[in-house]
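Keep in mind that the numbers below use all heavy atoms, side chains included, and drop hydrogens, waters and symmetry copies. Numbering of ligands and ligand atoms starts at 1, following listing order.
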Amino acid sequence: MQVQINTELPDIIQLLPDNIANQIAAGEVIQRPSSAVKELLENAVDAGATEIKLIVQDAGKSLIQVTDDGKGMSETDARMAFERHATSKIRHIEDLFRIRTMGFRGEALASIAAVAQVILKTRRAEDETGTYIEIENSQVIAQEPIAARPGTSIAMKNLFFNVPARRNFLKSHAAEMRHIIDEFIRVALSFPDILFSLSNNGQEVFHLERGSLKQRIIQILGTHHNAKLVSVQENTDYLNIYGFAGKPETAKKTRGDQYFFVNNRFIRSAYLNHAVMSAFQQMIPADSFPLYVLFIDLDPSQLDINVHPTKQEIKFEDEKIVYAFVLAAVKHALAQFSITPTLDFDLDPEIQQLDAISKPLTDERKAELASSSLYKTFTQKNQAHLIDPAQHSELKHWNAMGSGPRGEATEQAMGNRQWTMSDQPVITQHSPLSIQEDATLAQLLNTYIIAPTNRGLILIQQQCAHERILYERYASAGEGKKIATQRSLFPVTLELSAPDAALLQDLLEDLNDLGYLVEPFGKDSFVIQGTPADIMAGNEKAAIENLLEQFKHFSSDKIFSRREKLIRSLSWQHAVKSGRPLNEREMKNLVTELFACAQPNMTAGGLPTYMELKKEYLEKMFGRG
Ligand SMILES: Nc1ncnc2c1ncn2[C@@H]1O[C@H](COP(=O)(O)OP(=O)(O)O)[C@@H](O)[C@H]1O
Ligand SMILES: [Mg+2]
């Protein structure tokens, strides 16, 4: 037998023709009309334009045209611009680490020329004539000098005309238009000093005059946001953050208007989003989303913007610092407002925003800060102000009424709070809220407690107030202050479905800290040996079942830890309900304990616990203000 080795097979590797290579590469950069919109808008911004016009037809499928008044291109540059890796923005590898422009890869125009018919008109102010170039399939098919205004106009027609598979892949006009608007908004938000307009099929969708960032946000996101924006601004040597966050009451049920820009580049970052959400924690309901438009500026060498071709992800040299900084800056901004819902006319939000910028630190707070590791990372001057929830309280000289078992905690909380008042210049215009020791309390509609104060009166919603008190008590249970357990004389057995049993099994340890003594008892069953001292005997079973239900309600929420959910569920469930009559002693305890809380003015879920009616308001009501 003979073994045949065929040495005659031809070599099979060939270089792809340029236009096919370009088409394939284009797939990365230009996925849909909106990707082209983004690239063209960014080029116009990089060219120093002060006016940028975007015109699309059929949601960009037939035409995308961007006209700018930027610096234009020479005749040679105009041709070069469509070559792959042709860029005027970087020359050396080191330039990659100091990028200040939006583009730098030199791929966008080459990609666009590979998948659409392109017409470029451009002129530099210093040139007498401009240049007209027509390109199809990456080939220049016409070029001539033209008369043109300084600047550049690029029109791309019939996107993917030569790649039918991609063209068929495009979504409906409405969906593609939505993507275009998203990209347009992102660029327009980052450059409020550039005029932007967008029209689709001859209809103007946006016309955004030059203005401040705040004006731009309002132009884009709606005038109802006026005065509902809190200014965020902190500077350090390492990074700066500025922008706006919506006041807690503007939080929406859908995740929408949330924008992060790093060195003016829109980024997506679940991590930094989490930092903002944490700053809002306890001010907004668990399932809602605050508005924010935040800009972080830092030395480009601290960034890697190279990680993804469409450049929406970004790597920070030190993510943790950025996280801590964002959290602190947003908390600080929110703390500028008395978030207690008072009926108040004279707190002008504009003035508060000015204060947000120049807020002094007290000596006490500085000493505290100096020992934190975060502080050490920042520079000595202009460090971020770290805010804790206690700072929101405007109650200073609270006189504990009656010395209950929690009197000690009350005093301690007062001590902690002392410095925060001098830290809030706006609020000190008003005398601090206090309630006399011998004040007579009254209950209204079995739901509200009326308490006279030094500056009017407050109405306390008993259920919300109690929920806040329990929340803070349970939250500190993990820090060594275990809640007392009352052992049941007749332990109750609980049989659960398999998934509920698994859930309860998971929670046993945390529940134990919170005063529940629950033990597994065979398959999917448990014995309740004891409950927190304040649960009435006989209710043990219902209490655990309700708790599991409530917990499941939170379970899709990734923001909160398991423990946080448990604490929220428990405090919600155990709070005294609206409609329950309270005696004088119960009311006093409730009021005392509420104002001993670190953050007395709302529930963990963001509902107000009390309302204040100030003297000035009452006077206005009676025509004497
Ligand atoms: N609107 C414009 N005005 C002036 N020059 C432009 C414009 N658009 C593109 N260019 C020039 O063409 C080059 C290539 O653009 P592009 O392919 O988007 O790459 P990049 O923006 O990454 O440099 C740019 O570097 C720039 O010099
Ligand atoms: Mg570009």
Would you mind running through ligand 1 and noting each atom that sits below 4.0 Å from a heavy atom of [X]?
X      : answer
Ala81  : 12 (O), 14 (C)
Gly72  : 4 (C)
Met73  : 4 (C), 5 (N), 6 (C), 7 (C), 10 (N), 11 (C)
Ala108 : 17 (O), 18 (O)

Mind checking whether [X] has a heavy atom under 4.0 Å from ligand 1?
X     : result
Ala86 : yes
Lys71 : no
Glu39 : no
Asp46 : no

Task: Side chains of Gln215 and Glu209, donor plus acceptor under 3.5 Å - done: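 There is no such pair (donor and acceptor under 3.5 Å, judged by atom type) between the side chains of Gln215 and Glu209.
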Open item on the list: Using 30° and 60° as the class boundaries, would you call the ring planes of Tyr242 and Phe295 parallel, tilted or perpendicular?
Closed with: parallel
Task: Aromatic plane relationship, Phe184 with Phe206 - under 30° parallel, 30 to 60° tilted, over 60° perpendicular - done: parallel
Open item on the list: Within this structure, what is the CG-CD1 distance for the pair Leu15 and Ile20, rounded to the nearest 0.5 Å?
Closed with: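 Leu15 atom CG to Ile20 atom CD1 measures 12.0 Å (nearest 0.5 Å).
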- [ ] Return a yes/no value for Gly106: is any of its N or O atoms, backbone included, closer than 3.5 angstrom to an N or O of ligand 1?
- [x]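 N/O-N/O distance below 3.5 Å exists for this pair.
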Open item on the list: Geometry only, no angles: is Leu109 polar-contacting ligand 1 at N/O separations under 3.5 Å?
Closed with: yes
- [ ] Could you tell me whether Glu249 and Lys247 make a salt bridge, using a distance below 4.0 angstrom between a side-chain N and a carboxylate O?
- [x]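 So Glu249 does not pair with Lys247 through a salt bridge.
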- [ ] Compare every heavy atom of Met73 with every heavy atom of Ala81, then report the nearest pair and how far apart it is.
- [x] CB-SD, 3.9 Å
Task: Short N/O/S contact of Asn43 with the Mg ion (ligand 2) (below 2.8 Å) - done: yes
